[in-house]
Amino acid sequence: MTGRTLDSIVVLTGAGISAGSGVPTFRGEDGLWRQYRAEELATPQAFQRDPALVWEWYDWRRGLIASCEPNAAHQTLAEMEQHCEDFILITQNVDGLHQRAGSQRLLELHGSIWQLRCTVENRVAENSAVPLPEVPPRCSCGGLLRPHVVWFGESLDPETLAAAFRAAERSRLMLVIGTSAVVQPAASLPAIAKDRGAYLIEVNVERTPLSTYADEVILGPAAEQVPKLWHRLKDITI
Ligand code: BJW
């Protein structure tokens with residue numbers, strides 16, 4: 001990693017960065033809730049079939065996340081933002097822990113668990129009630145509310161996605177932290193950055209499909225490895 005500037009860093013995070021805070025990841029044993037797999041509940045079909053069940057899961061997750069604190073990895077990324085002129089943090093997470101750590105230049109690809117959307121009027125509102133007073137929650141218009149998140153088969157917000165692609169295309173250094181790198185279109189961002197010449201560093205507790213493309217793979221918990229990585233990056237002179 002020589003001859004590169006630290007003026008342009010793009011970071012892509014996934015559920016693994018919040019694992020150290022106590023937020024369950026999606027895949028693997030951790031992703032189980034009752035007898036359901038997370039991937040089976042995060043779909044429009046599941047919501048259509050049984051909105052109360054899906055909302056029970058989201059209500060449970062909201063309660064759990066509300067009791068969690070950002071960890072050293074979230075905090076380090078917030079600090080990184082202060083040091084880099086051109087910094088973008090792209091997250092697949094809906095937990096809001098990056099904001100709570102102080103990150104501002106943030107793109108939430110899959111929405112936020114702290115926002116609800118009316119299925120009739122499409123209006124989006126902040127909502128931090130834990131637990132929700134009624135499940136499933138309803139809008140003042142009587143319509144069913146849903147989490148303002150992106151489920152499988154749904155489109156990501158086009159402006160947010162376009163901004164993420166632009167960031168990946170111009171990035172010189174991309175850090176990919178705590179994602180299984182299997183969910184599209186987020187999983188394409190590191191390849192786009194790499195194709196445009198970015199140096200790619202992956203931090204994960206295990207290897208992923210991305211690992212073979214990465215210039216460096218750092219195996220270990222994000223809360224331990226991201227602060228160490230930042231310490232090293234800060235020392236790199238142009
Ligand atoms: C640690 C750690 C520690 C643990 N430290 N690391 C092209 C090809 C094939 C399929 C598709 C395609 N384009 C679109 C699709 C379909 C689909 C898709 O990608 N499917 C694949 C699974 C095959 N994508 C979509 O449907 C997307 N929509 C779309 O593209 O629309 C257009 C379209 C539709 C259909 C066809 C074609 C085009 C939408 C995707 C929305 C994803 N939504 C969810 C739920 C969000 C709401 C919620 O949170 O409730 O987003 S699913 C879930 O997966 C969530 C996550 O953000 C996302 C990614 O998961 P993530 O973050 O990587 O978590 P895990 O659990 O998978 O991994 C955790 C990692 O951390 C692991 O690697 C651990 O090792 C590691 N780890 N502890 C560091 N301490």
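Whatever order the structure lists ligands and atoms in, that order sets their numbers, starting from 1.
Looking at atom 5 (N) of ligand 1, its nearest protein heavy atom turns out to be A222 N, 2.9 Å. What sits closest to atom 69 (C) of ligand 1 on the protein, heavy atoms only, is G178 O, 3.8 Å. Here the protein heavy atom with the shortest distance to atom 75 (O) of ligand 1 is N204 OD1, 2.7 Å. G153 N, 2.6 Å is the protein heavy atom nearest to atom 26 (O) of ligand 1. The protein heavy atom nearest to atom 29 (C) of ligand 1 is E154 O, 3.3 Å. When hydrogens are left out, the protein atom nearest atom 23 (C) of ligand 1 is V182 O, 4.2 Å; that is the closest non-hydrogen contact. Shortest contact from atom 24 (N) of ligand 1 to any protein heavy atom: Q184 O, 3.1 Å. Scanning the protein for heavy atoms near atom 3 (C) of ligand 1, the closest one is G16 O, 3.2 Å.
Evaluated by nearest non-hydrogen atom to atom 48 (C) of ligand 1, the leading choice among Y58, W57, W151 is Y58. Evaluated by nearest non-hydrogen atom to atom 51 (O) of ligand 1, the leading choice among E206, H110, E202 is H110. Taking only non-hydrogen atoms, the option from T208, L156, V150 nearest to atom 43 (N) of ligand 1 is V150.
One N or O on the side chain of D59 and one on the backbone of L132 form a donor-acceptor pair closer than 3.5 Å. Side chain of R207 to backbone of L210: no donor-acceptor contact under 3.5 angstrom is found. Not one N or O on the side chain of Q115 forms a donor-acceptor pair closer than 3.5 Å with the backbone of S112.
The existence of a salt bridge linking E40 and R49 is excluded, since no basic side-chain nitrogen approaches an acidic carboxylate oxygen closer than 4.0 Å. Checked for salt-bridge contact, E56 and R61 miss the test: no charged N lies under 4.0 Å from a carboxylate O.
In terms of polar-atom proximity, defined here as any N/O pair under 3.5 Å, V203 makes no such contact with ligand 1. By the 3.5 Å distance cut-off applied to N or O atoms, T179 is counted among the residues near ligand 1. Residue A15 places at least one N or O, backbone or side chain, under 3.5 Å from an N or O of ligand 1. For A19, no nitrogen or oxygen atom sits less than 3.5 Å from a nitrogen or oxygen atom of ligand 1, counting backbone and side chain alike.
Judged as a salt bridge (charged side-chain N to carboxylate O under 4.0 Å, His left out), the pairs with a partner in residues 176-202 (not counting sequence neighbours) are, in order, K194-D215.
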**Report entry** Pair S103-Q99, side-chain hydrogen bond (donor to acceptor under 3.5 Å, both in side chains): steps then yes or no
**Finding:** CA-CA 5 Å; S103 287; Q99 290 93 328; over 6 Å; no

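Residues forming a side-chain hydrogen bond (donor to acceptor under 3.5 Å, both in side chains) with D50 (at least two apart in sequence, or on another chain): none.
Taking the six-membered ring for Trp, W230 and H83 have ring centres closer than 6.0 Å. Taking the six-membered ring for Trp and the full ring otherwise, the centers of Y36 and W57 sit at least 6.0 Å from each other.
The shortest separation from a heavy atom of R61 to ligand 1 is under 4.0 Å, placing the residue in contact.
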